[in-house]
Undergrad: 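Before I ask anything, let me first share the structure, which is written out below as structure tokens.
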Protein chains: 2
Amino acid sequence: MSGGDNLLKLVEAEGPDDQDYLLQEQVGFILRKAHQRHVSIFAGRIGDLTPPQFAALAKLRDVGETSQNQLGTMIAMDAATVKGVIDRLKARGLVELSRHEVDKRRLLVNLTPDGRAAIERLIPLAREITQETLAPLSAKEVATFMRLLAKLA
Amino acid sequence: MSGGDNLLKLVEAEGPDDQDYLLQEQVGFILRKAHQRHVSIFAGRIGDLTPPQFAALAKLRDVGETSQNQLGTMIAMDAATVKGVIDRLKARGLVELSRHEVDKRRLLVNLTPDGRAAIERLIPLAREITQETLAPLSAKEVATFMRLLAKLA
DNA sequence: GGAAATTCATTCGTATGCAAATGATATCAA
DNA sequence: TTGATATCATTTGCATACGAATGAATTTCC
């Protein structure tokens, strides 16, 4: 029996255990890196707005006036997070707030003319951001990846 | 010519443009949601440590003592971020810091016995986290997804 | 050797992201 | 009607995440 065999036995004795946990191969770690790369690409093309801020404007463009909480649900942000995002958009005059006349708890959010102009102007850039993010994949791979990613989200 | 035809004409006149930008179908948005889901799964299994903190400990286990900056590079964190993470791990006694004897700029980071015990204990849970995150996919889909995700990261 | 450029770490400011607690308003049910 | 629940929004506290500025130490290059 050779030394190599002994080493193999030792490794096998450990079983599929702690020894072979590689951080770089875990979904969570790679998912975090992929997300970082996307945010970086976004910042390179749209410097004056963050992805969450863009998401809020884009969704308001789709659905029109909604409550802050509903908007948060639609763009996957909890109440505390969406408040900060909307506050900053309001400070820049891109959205306007008003109280719901019937349900006084609700804070209605809507695009201002400036906000609408901004989102229309940015959407072509957002398309480029999507393209650049997916650039390492072929068209076929993009389709596959998006299908599987959607299952995980 | 019917009203429907007029509507169709209007839509076609717009071309493949702003009208069909759907936030929910953009990689960036879904990537963000998938990442959120993973973090949530992580928190459910490992409540007293965040993913970045876990990553730091896991990497130190792999490579042993390194400088703070080098560690940051290995786990994809910039200098400012890694400092905060290490500070909190140090405050909990899971890592210890020392100055590099030759290059006095470098701050060496290493696991304490407590830190080593913690990471060894957590690795099995981390495996479960990876599994649960990938649970919506079949084994074959997992292989495909990981291959494509790695290309994007 | 010494000036210039680089690297390592820290600090500051800004922006998510979420848990938990709180207050105001609505809704449901007894 | 009223008491219990639920919903909407806000606030606080903590933890990433990163750009930019700064200072200290090292390396490079002339």
Side-chain angles (χ1 to χ4, degrees), chain A residues 28-29 31-44 46-57 65-92 94 97-109, chain B residues 28-29 31-44 46-57 65-92 94 97-109:
Chain A
F29 184 78
L31 218 41
R32 175 170 147 272
K33 288 214 301 177
H35 182 245
Q36 281 179 4
R37 172 169 168 273
H38 167 75
V39 172
S40 169
I41 290 171
F42 190 102
I46 300 183
D48 63 340
L49 222 55
T50 64
Q53 288 167 2
F54 175 87
L57 295 184
E65 190 174 58
T66 9
S67 78
Q68 200 174 256
N69 259 13
Q70 281 174 339
L71 180 62
T73 300
M74 290 186 284
I75 58 180
M77 285 178 215
D78 74 3
T81 301
V82 81
K83 181 183 191 318
V85 173
I86 294 301
D87 278 356
R88 285 179 283 276
L89 291 176
K90 174 180 156 59
R92 295 176 53 178
L94 300 177
L97 306 178
S98 59
R99 281 288 163 189
H100 191 287
E101 299 209 347
V102 176
D103 186 340
K104 294 175 195 167
R105 294 170 305 178
R106 294 192 193 175
L107 188 62
L108 297 176
V109 191
Chain B
F29 185 77
L31 218 42
R32 175 170 149 269
K33 288 214 300 178
H35 181 246
Q36 281 178 3
R37 173 169 167 271
H38 167 75
V39 171
S40 169
I41 290 171
F42 190 102
I46 300 182
D48 63 341
L49 221 55
T50 64
Q53 289 167 2
F54 175 87
L57 295 184
E65 190 173 59
T66 9
S67 77
Q68 199 174 257
N69 258 14
Q70 281 174 338
L71 179 62
T73 299
M74 290 186 283
I75 58 181
M77 284 179 216
D78 74 4
T81 301
V82 81
K83 182 185 191 319
V85 173
I86 294 301
D87 277 356
R88 285 179 283 278
L89 291 176
K90 174 179 158 59
R92 295 176 53 177
L94 300 178
L97 305 179
S98 60
R99 280 287 161 189
H100 191 288
E101 299 210 346
V102 176
D103 187 341
K104 294 173 194 166
R105 294 170 306 178
R106 295 191 193 175
L107 187 62
L108 297 176
V109 191

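Protein chains get the first letters and strands the later ones, always in sequence-line order, with residue 1 at the start of each.
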Undergrad: Measure the acute angle between the ring planes of A:H35 and B:H35, then classify it against the limits of 30° and 60° as parallel, tilted or perpendicular.
TA: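 It falls in the parallel class, under 30°.
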Undergrad: Quick one: CG on A:L57 to CG on A:L71, what's the gap to the nearest 0.5 Å?
TA: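 It is 9.0 Å, given to the nearest 0.5 Å.
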Undergrad: For the atom pair CG (A:N69) and CE (A:M74), what is the distance rounded to the nearest 0.5 Å?
TA: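 Rounded to the nearest 0.5 Å, the CG-CE separation comes to 10.5 Å.
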Undergrad: Quick one, B:L49 with B:L89, criterion side-chain contact (heavy atoms from CB on, under 4.5 Å). Give me CA distance, side-chain angles, the key distance, then yes/no.
TA: CA-CA 9 Å; B:L49 221 55; B:L89 291 176; 4.3 Å; yes
Undergrad: Indicate, with a heavy-atom threshold strictly under 4.0 Å, whether B:S40 touches base, sugar-phosphate, or nothing.
TA: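 No contact.
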Undergrad: Please report the interatomic distance NZ(B:K90) to CG(B:L107), rounded to the nearest 0.5 Å.
TA: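 Spacing of NZ (B:K90) from CG (B:L107) equals 9.0 Å.
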Undergrad: If you look at every heavy atom in B:I75 and A:R32, which pair is closest and at what distance?
TA: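 Heavy atoms of B:I75 and A:R32 come nearest at O-NH2, 3.0 Å.
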Undergrad: Between which nucleotides of DNA chain C, 5' to 3', does chain B make heavy-atom contacts below 4.0 Å?
TA: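 So the contact region on DNA chain C extends C:dT7 to C:dC18.
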Undergrad: Both A:T50 and B:Q68 contact DNA chain C. Taking the nearest nucleotide for each, which residue is further toward the 5' end?
TA: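 Residue closer to the 5' terminus by nearest nucleotide: B:Q68.
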Undergrad: Report the distance from atom CD of A:Q36 to atom P of D:dG19, rounded to the nearest whole Å.
TA: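 Taking CD of A:Q36 and P of D:dG19, I get 10 Å after rounding.
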Undergrad: So which heavy atom on A:P52 is nearest to which on A:V85, and how close?
TA: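 Distance-wise, the nearest heavy atoms are O-CG1, 4.0 Å.
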Undergrad: Listed in order of residue number, which residues of residues 98-108 of chain A have a non-hydrogen atom at under 4.0 Å from DNA chain C?
TA: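 The answer is A:V102, A:D103, A:K104, A:R105.
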Undergrad: Quick one: closest heavy-atom pair of B:R99 and B:K104, and the distance?
TA: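 Minimum heavy-atom contact is NH1-O, 3.3 Å.
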Undergrad: Name every residue in residues 77-90 of chain A that has at least one heavy atom under 4.0 Å from any atom of DNA chain C, in order of residue number, or write none if there are no such residues.
TA: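 Only A:D78, A:A80, A:T81, A:V85, A:R88 qualify.
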Undergrad: CD of B:Q53 versus P of D:dA17: gap in Å, rounded?
TA: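 It works out to 11 Å between those atoms.
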Undergrad: Take the protein atom CZ of A:R37 and the nucleotide atom P of D:dC18, then report the distance between them rounded to whole Å.
TA: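 In whole Å, D:dC18 P and A:R37 CZ are 14 Å from each other.
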Undergrad: Where is the tightest heavy-atom contact between A:A76 and B:K33, given as atom of each residue plus distance?
TA: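 So the minimum-distance heavy-atom pair works out to CB-CD, 3.7 Å.
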Undergrad: Please round to the nearest 0.5 Å and tell me the distance separating atom CD of A:Q53 and atom CD1 of A:I86.
TA: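 Output value for this atom pair is 9.5 Å.
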Undergrad: Would you say that B:D48 contacts B:R92 through its side chain, given a criterion of any heavy-atom pair below 4.5 Å between the two side chains?
TA: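 When only atoms from C-beta onward are counted, B:R92 and B:D48 do touch, with a gap below 4.5 Å.
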